[in-house]
Amino acid sequence: MSNEISGAGTTAGTAPGDRLVRAGAIVFLIGAVATVATFVPFFLNAEPLPTAAYLVSMLMGAGFALALAGLFRQAAESRRQARSAR
């Protein structure tokens, strides 16, 4: 009966795309911390961080893209389930 409520073949909390959204959030947070860390030296008049820190900052966009892909996957699955229910 739980499969009827949460969808065919999925259990509560493990919908298609959930892992992508979670991974995207983690990658986004890593990139956000790196972005903050790269700006701090400018405010403290210290030496800027090496180029690698700026490259890690780009993970912010990659994490956003991963999370967005997971949301699109969830939407597509719910659309499929709605069509099969008709």
Side-chain angles (χ1 to χ4, degrees):
M1 184 157 170
S2 65
N3 281 343
E4 293 175 18
I5 295 171
S6 63
T10 61
T11 58
T14 60
D18 272 355
R19 288 185 181 153
L20 278 175
V21 172
R22 288 182 184 147
I26 291 168
V27 172
F28 181 87
L29 287 174
I30 292 169
V33 168
T35 300
V36 170
T38 56
F39 277 105
V40 168
F42 293 119
F43 294 122
L44 300 176
N45 292 325
E47 288 290 320
L49 294 177
T51 304
Y54 293 93
L55 295 175
V56 174
S57 296
M58 292 183 196
L59 288 177
M60 209 164 149
F64 183 77
L66 273 173
L68 193 60
L71 291 175
F72 282 141
R73 188 169 179 196
Q74 287 176 356
E77 181 62 28
S78 67
R79 197 175 307 131
R80 263 188 240 115
Q81 287 178 1
R83 284 183 185 157
S84 67
R86 290 185 199 172

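Nearest heavy-atom pair, P41 versus P48, reported as atom, atom and distance to 0.1 Å: CB-CA, 4.2 Å.
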What donor-acceptor contacts under 3.5 angstrom involve side-chain atoms of residues 27-39, with partners at least two apart or in another chain?
from: T35; atom 1: OG1; to: G31; atom 2: O; distance (Å): 2.8
from: T38; atom 1: OG1; to: A34; atom 2: O; distance (Å): 3.3
from: T38; atom 1: OG1; to: T35; atom 2: O; distance (Å): 2.7

Name every donor-acceptor pair, under 3.5 Å, that has one atom in a side chain of residues 59-73 and the other anywhere in the protein, sequence neighbours excluded.
none

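Scanning for side-chain hydrogen bond (donor to acceptor under 3.5 Å, both in side chains) contacts around R80 gives E77, with sequence neighbours left out.
When the side chains of ILVMFWY residues are joined at heavy-atom separations under 4.5 Å, either directly or via intervening members, F43 and Y54 end up in a single hydrophobic cluster.
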